[in-house]
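Shown next, in structure tokens, is the structure this report addresses.
For ligands, and for the atoms within them, numbers begin at 1 and follow the listed sequence. Numbering starts at 1 and runs along the sequence shown.
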Amino acid sequence: MRTVTLIMSFGLLLPLFFMQDYTKLREEMVKTQIENRGIKDSSTLAALRKVARHSFVPKAQVHYAYEDRPLPIGHGQTISQPYIVAYMTEIIKPKPGQKVLEIGTGSGYQAAVLAEIVGKVYTIEIVEELGKQASTRLKELGYKNIEVKTADGYQGWKEHAPFDAIVVTAAAEFIPPPLKEQLKDGGRMIIPVGSPYMTQQLMLIEKTGNKFTTSSKMPVRFVPFKRSQ
Ligand code: SAH
């Protein structure tokens with residue numbers, strides 16, 4: 001009898017062990033990969049601590065979810081390295097109540113991180129299956145402030161514009177003009193710009209009135225920004 005109870009409680013506690021393990025790994029990830037590299041914004045750090053990155057990667061990748069690198073998510077696409085997600089989040093200066101557009105939903109991880117901080121996230125994915133998967137995953141995880149659409153993000157999302165910030169997670173050869181137009185006055189956009197399959201520059205675009213200020217932040221490698229035919 002006692003053995004049965006023991007086995008039963010062990011069975012009930014087993015998932016807890018795994019959960020704790022992921023929380024520990026995530027904490028370590030934030031300390032070593034994110035804080036140690038200079039990310040300071042408290043809301044960004046809290047979001048990275050909260051969002052369960054292992055829920056956003058394919059089963060075969062779950063063990064690597066908190067490692068310091070991008071991971072494959074199918075269809076030749078990747079979930080970005082945690083530090084890059086944190087960097088792109090911090091640099092747009094996210095605030096509660098803001099409206100943010102993301103181009104390149106992928107797994108939905110960056111969208112979830114943003115949704116922990118801002119009021120509403122609109123995210124566009126060009127690969128239909130990835131968009132659908134991300135939308136289902138985000139609903140299951142309880143995110144009510146994220147809207148996913150399958151489309152070519154080049155045109156932005158006019159119905160919901162202007163945006164406080166735009167985060168582009170695929171490398172474009174130039175900054176799509178419709179995205180610049182859909183930024184609010186005082187808005188910020190972060191986007192990798194450069195040739196596909198080569199090193200690109202992560203660029204910050206700040207809009208003041210009708211003026212745009214552009215600055216290069218760091219070399220990065222992103223999957224290409226595709227165009228629908
Ligand atoms: N932000 C994602 C990373 C995605 S990788 C995450 O957190 O997981 C970049 C994604 O951009 C890929 O899924 C790719 O299919 C998508 N993409 C590429 N070009 C696009 C376009 N023109 N419009 C929308 N999505 C695009």
Show the atoms of ligand 1 that are less than 4.0 angstrom away from any heavy atom in [X].
| X | value |
| --- | --- |
| Ala151 | 23 (N), 24 (C) |
| Phe225 | 19 (N), 22 (N) |
| Val127 | 15 (O) |
| Leu130 | 13 (O) |
| Ala170 | 11 (O), 18 (C) |
| Ile103 | 23 (N), 24 (C) |
| Thr105 | 1 (N), 2 (C), 6 (C), 8 (O) |
| Ile79 | 8 (O) |

task: Report yes or no: is the cationic atom of Lys217 (NZ for Lys, CZ for Arg) under 6.0 Å from the centre of the six-membered ring of Tyr87, at an angle within 45° of the ring normal?
output: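 No, Lys217 and Tyr87 do not form such a contact.
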
Backbone, side chain, both or neither: what part of [X] comes under 4.0 angstrom of ligand 1, heavy atoms only?
| X | answer |
| --- | --- |
| Arg227 | neither |
| Ser228 | neither |
| Pro224 | backbone |
| Val85 | neither |
| Val223 | side chain |

Indicate yes or no: does an N/O atom of [X] lie under 3.5 Å from an N/O atom of ligand 1?
| X | answer |
| --- | --- |
| Thr78 | no |
| Tyr154 | no |
| Lys226 | yes |
| Ile73 | no |
| Gly153 | yes |

Considering only the protein, which heavy-atom contact is closest to [atom], and what is its distance?
| atom | result |
| --- | --- |
| atom 9 (C) of ligand 1 | Thr169 O, 3.2 Å |
| atom 12 (C) of ligand 1 | Gln77 OE1, 3.2 Å |
| atom 25 (N) of ligand 1 | Ile126 N, 3.2 Å |
| atom 13 (O) of ligand 1 | Glu125 OE1, 2.7 Å |
| atom 11 (O) of ligand 1 | Gly104 CA, 3.1 Å |
| atom 8 (O) of ligand 1 | Ser107 OG, 2.6 Å |
| atom 7 (O) of ligand 1 | Gln110 N, 3.0 Å |

- prompt: Is there a path of hydrophobic side-chain contacts, each under 4.5 Å between heavy atoms of I, L, V, M, F, W or Y residues, that connects Trp157 with Val118?
  reply: no

- request: Please check if Tyr83 and Val113 belong to a single hydrophobic cluster, counting links between Ile, Leu, Val, Met, Phe, Trp and Tyr side chain heavy atoms closer than 4.5 Å.
  value: yes

Taking NZ, NE, NH1 and NH2 as the nitrogens, is one of them in [X] or [Y] under 4.0 Å from a carboxylate oxygen of the other?
| X | Y | value |
| --- | --- | --- |
| Lys95 | Asp41 | no |
| Arg227 | Asp152 | yes |
| Glu27 | Arg49 | yes |
| Glu128 | Lys132 | yes |

Can you tell me how far [atom2] of [Y] sits from [atom1] of [X], rounded to the nearest 0.5 angstrom?
| X | Y | atom1 | atom2 | answer |
| --- | --- | --- | --- | --- |
| Ile146 | Leu138 | CD1 | CG | 4.5 Å |
| Gln155 | Ser228 | CD | OG | 8.0 Å |
| Gln33 | Arg26 | CD | CZ | 12.5 Å |
| Ile190 | Ile91 | CD1 | CD1 | 4.5 Å |

message: Would His75 count as a contact residue for ligand 1, given that I'm defining contact as a non-hydrogen atom of the residue lying under 4.0 Å from a ligand atom?
response: no

- request: Could you note down all residue pairs passing side chain to side chain donor-acceptor pair (under 3.5 Å) where residues 185-194 supplies at least one of them, sequence neighbours left out?
  value: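 Of all non-adjacent pairs touching residues 185-194, those that pass side chain to side chain donor-acceptor pair (under 3.5 Å) are Arg188-Glu206.
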
message: Checking side-chain polar atoms at under 3.5 Å, does Glu125 have a donor or acceptor matched by the opposite partner on Thr105?
response: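 Checked: Glu125/Thr105 side chains show no N/O donor-acceptor pair below 3.5 Å.
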
- request: Determine the interplanar angle of the Phe56 and Tyr109 rings, folded into 0 to 90°, and report it as parallel if under 30°, tilted if 30 to 60°, perpendicular if over 60°.
  value: perpendicular

query: Only one of Tyr64, Tyr22, Tyr66 forms a side chain to side chain donor-acceptor pair (under 3.5 Å) with His54, so which one is it?
result: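 It is Tyr66; the other options fail the test.
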
